[in-house]
Amino acid sequence: MSNNLSTFDNPYATMAQGAYPRSPIQFPLDYLDPKQQQVINNNISVPFDFSQSVKVGKKTYPGGRYYSANPSATDHPDWPKNGIVYLQPDPTLKTVPIRTSITTPNPNGGYTTTNPITSTTQKGLLTDEPSGFNAYFLTDTPTLNKKTQQTYLTIRGSDGSFKLTNTSNWDDWLGNNYIFAMGARHVPQAKVATPAISAVLSKIRSSGSSAPLNLTGHSLGTFVTVQGVPGLKNDEIDQIGKLVLFNGPDPTASLKKMGLSDAKIAKLSSKTTYYINPFDMVSNLNRTKPIDQQFGKIKVIVPLHYTTSFENPNAHMFGVYQIGANGDPLIASANFHPELLTASQKLANLNQKAIAKLRALGVSDDLIASFFQGDIINRGTTGYVIWQEYITEYQDIIAETRAASIKWNMENIPKHVARISAASGVEKIRLRSELINMAAQLAVLEVEDQVTQVNKLVTDAKEELGTMVRNVYSQVCSIVHYLPRWEVEGLLADFQVNTLWDEGIEATTRQNAQKFSNNVTELSSGLIQATSQLEAVDQEGAKLFESIVGGF
Amino acid sequence: MSLEHYDYILKQEQHVNRMKAQERLAIQALIQVNKQVSLSKGTSLDLKLEQAANEMKNYVATTYVSNIQEGFEGLTADRAEEYLTQDLQKPSLESPIRA
């Protein structure tokens, strides 16, 4: 299942996602097509048209409606009206050689030191390969000038998942994520981000544009953004519009550790919005306080799937986001899926408990001291137990919330239908969109349960058959005193699990049930995408829906 | 070998063969009975899977369609209903227990 957003309707989520390689529409220079690379290498901006649909494999990502020729009350205000943003070139980007000092003994005594080039690295205003920092500057005009009204900077999060064997993302995971999680430290990428943001702001000012710079990021990109801004001058901070961040932890402790005053934290907080997934372990880090006391405005999303950050679809990625009729992610509140607010709080408490246990074990933000000193085997075993307990409780939170959400949807769908009848205008569109989201989520969860039930029926039957065969063997053993073993085995030859049970049919049955569930998920995504057309001409909505689900 | 001894051995062999035949019959009967049980488990599983497949299809074609009814209007609603009621086929779920 896809881990990508199903629509381009939300500008910030779309651009935060676009900072990653292999997104449906992506900004990383190495992943641009050759023509785009040629353009940007000539210091000319590259346009990205988010009004157009994109097909990746069998999946269609429909173009957004927020840039239509007929703007309406529910258009997202932060997209350019034509849906086109321009990726600005970074003329300072260059390949820098890395030299290594090598000292060799001379044949006649003494030593010689040389500094040969051993590798290269990319460095520029918005790229710093050694620390893993990557950002992309986008505008609503091809060149930055006084007509520019919208500007955006999207800062990339971690590359992939942490793998001990893949050193290429150690800078993201060990150099930044780890020291933030365990020590609330000012991360190296944020130190690079500050001059980068400052330079972008300077460019905007010198172009004559009065456009604010809106910042967005996901995961590691969220705290790189938030920690990157305080180092700016006050007038530069005033130039910042919004910080719209996805699936990131609360950064307050780190900002205090950086020496920020409460007033400055409050000022930055007022510009910031976080969208967090209640089931994502990263989103719910440092979030034990009530959400109105956390940094920024916290919006807990209503995910389409209820999974952990280790499954597919992944709770940490964008694929589970549902986008509402106003172009923003669908969020939970006291009146709409309140059980998700509780889940977020529970996961935050669980995270805090696990970190406290790790600290008690001697794990700190000093990586070397944490993992390579002391009784590694004993601490490793205890650490493994802590991890197992964490995963069990994590899965329990999701299972409990899943059941509560199914119940909530069942109870509230009829109430929503009644509200729709009484509503009008934009309110009616919002309610209709919410109804589709509720119905789609309920269908996905209910059909997932039905598939689980089918798999259980098959598994139970296979186990019963195995028990029956074993019992027969046991009875035969008690009966036989005269028949030779070879003859007994011959008589029982066609009474074994593999002769009574067809593995091929088992696999097909399980696959068919799962395929049905996948189709319902795809259909539901299609319905959610079609809600973006609720107020457009109805025929367009039908065409859009058909283009999404036409493959069935 | 004396006649008595020969007779004794013959009777022993006959006894063993009789016992073997009885054991054969007992095993065959045991297998036969359990095959019938297995067959009946297969039929029961087939029925349960058929019921599960019907519930999956019915949920989508009835409950899901009804739940989204107020969400869409006109052509979009028609197309969505058509996909859910007609295009999305009932899953084929078969018992793996062989007859």
Side-chain angles (χ1 to χ4, degrees), chain A residues 413 416-417 420-421 432-433 435-436 438-440 442-443 446-447 450 453-454 457-458 461-462 464-465 468-469 472 475-476 479-483 487-488 491-492 495 499-506 508-509 512-513 515-516 519-520 523 527 530-531 533-534 538-539 541-542 545-546 549 552, chain B residues 15-24 26-28 30-35 37-39 41-42 44-45 48-49 51-53 55-57 59-60 63-80 82-84 87-99:
Chain A
I413 284 175
H416 241 66
V417 169
I420 289 169
S421 311
R432 286 169 65 194
S433 171
L435 177 72
I436 297 298
M438 288 157 70
L442 182 62
E446 293 250 72
V447 175
Q450 288 173 328
Q453 185 55 28
V454 166
L457 282 173
V458 173
K462 195 175 186 180
E464 275 180 34
L465 207 63
M468 190 175 80
V469 169
V472 166
Q475 287 176 53
V476 166
I479 291 169
V480 170
H481 298 287
Y482 295 92
L483 280 175
E487 195 178 346
V488 174
L491 287 167
L492 289 170
F495 194 78
T499 53
L500 298 171
W501 184 267
D502 192 321
E503 301 272 350
I505 292 177
E506 177 192 351
T508 307
T509 291
N512 287 348
K515 192 177 167 199
F516 186 86
N519 284 344
V520 170
L523 281 161
L527 288 173
T531 61
Q533 299 283 343
L534 279 177
D538 184 51
Q539 202 156 0
F545 182 71
E546 195 156 8
V549 297
F552 291 104
Chain B
H15 172 70
V16 167
N17 285 339
R18 261 199 316 275
M19 294 311 288
K20 279 183 177 176
Q22 277 182 21
E23 285 179 4
R24 241 174 248 124
I27 292 171
Q28 281 163 349
L30 193 62
I31 289 172
Q32 207 50 44
V33 167
N34 279 281
K35 274 191 173 173
V37 174
S38 161
L39 204 63
K41 279 183 190 295
S44 163
L45 182 59
K48 286 178 188 168
L49 288 172
Q51 191 186 341
E55 281 171 10
M56 290 165 93
K57 176 64 189 167
Y59 178 82
V60 167
T63 311
Y64 199 6
V65 167
S66 155
N67 284 348
I68 61 169
Q69 215 158 33
E70 291 301 315
F72 292 118
E73 285 174 350
L75 284 173
T76 312
D78 294 345
R79 295 301 291 146
E82 191 181 320
Y83 279 112
L84 292 167
D87 295 19
L88 190 60
Q89 299 291 311
K90 184 173 91 174
S92 167
L93 308 177
E94 197 185 330
S95 164
I97 297 174
R98 287 173 173 149

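All heavy atoms count here, side chains included; hydrogens, waters and symmetry mates do not.
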Within a strict 4.5 Å, meaning less than it, do heavy atoms of the B:R24 and A:E487 side chains meet?
yes
CD-OH distance between A:E446 and B:Y59, expressed to the nearest 0.5 angstrom
4.5 Å
Which atoms of B:V16 are under 4.5 Å from chain A, going by heavy atoms: the side chain, the backbone, both sets, or neither?
both
Bottom line for B:S66: the part with an atom under 4.5 Å from chain A's heavy atoms is neither
Contact origin within B:Q89 toward chain A - heavy atom pairs under 4.5 Å
backbone
If we define contacts as heavy-atom pairs under 4.5 Å, which of A:L457, A:I420, A:V469 has the most with chain B?
A:L457
Between B:R98 (side chain) and A:L500 (backbone), is there a donor-acceptor pair under 3.5 Å?
no
What part of B:I31 is in contact with chain A, defined as an atom under 4.5 angstrom from a non-hydrogen atom: side chain, backbone, both or neither?
both
Can a donor-acceptor pair be found, under 3.5 Å and without considering hydrogens, that links the side chain of A:T509 to the backbone of B:L93?
no
Taking the side chain from B:K57 and the backbone from B:L88, do they hold a donor-acceptor pair closer than 3.5 Å?
yes
Identify which part of A:L465 has an atom lying under 4.5 Å from any heavy atom of chain B, answering side chain, backbone, both or neither.
side chain
Side chains of A:N519 and B:V60 in contact at under 4.5 Å (non-hydrogen atoms)
no
Region of A:I413 in contact with chain B, defined by heavy-atom distances below 4.5 Å
side chain
Return the option, out of A:T508, A:V480, A:L492, A:V476, with the maximum number of heavy-atom pairs under 4.5 Å with chain B.
A:V480
So which of B:S38, B:A52, B:A53 has the largest heavy-atom pair count under 4.5 angstrom toward chain A?
B:S38
Beyond-backbone contact of B:I68 with B:L84, side-chain heavy atoms, under 4.5 angstrom:
yes
Checking heavy atoms, do the side chain of A:H481, its backbone, both or neither come under 4.5 Å from chain B?
both
Tell me if a side-chain donor or acceptor on B:E23 pairs with a main-chain N or O of A:Y482 at a distance below 3.5 Å.
yes
What residue, out of A:V417, A:L491, A:L442, has the most heavy-atom pairs lying under 4.5 Å from chain B?
A:L491
Scanning both residues in full, the closest heavy-atom pair of B:P91 with A:N512 reads CB-O, 3.9 Å
Top contributor to chain A interface from B:K35, B:E82, B:K90, B:Q22 [non-hydrogen pairs under 4.5 Å]
B:K35
Using the rule given for side chain to side chain contact (heavy atoms under 4.5 Å, CB included), can you reason through A:V458 versus A:W501, listing the C-alpha separation, both sets of side-chain angles and the distance that settles it, and then say yes or no?
CA-CA 11 Å; A:V458 173; A:W501 184 267; 3.8 Å; yes
Pick one of side chain, backbone, both or neither for B:K41, based on which atoms fall under 4.5 Å of a heavy atom in chain A.
side chain
Between A:E503 and chain B, with a heavy-atom cut-off of 4.5 Å, which part of the residue counts as in contact: side chain, backbone, both or neither?
neither
Whatever's closer than 4.5 Å to a heavy atom in chain B on A:E506 counts as both
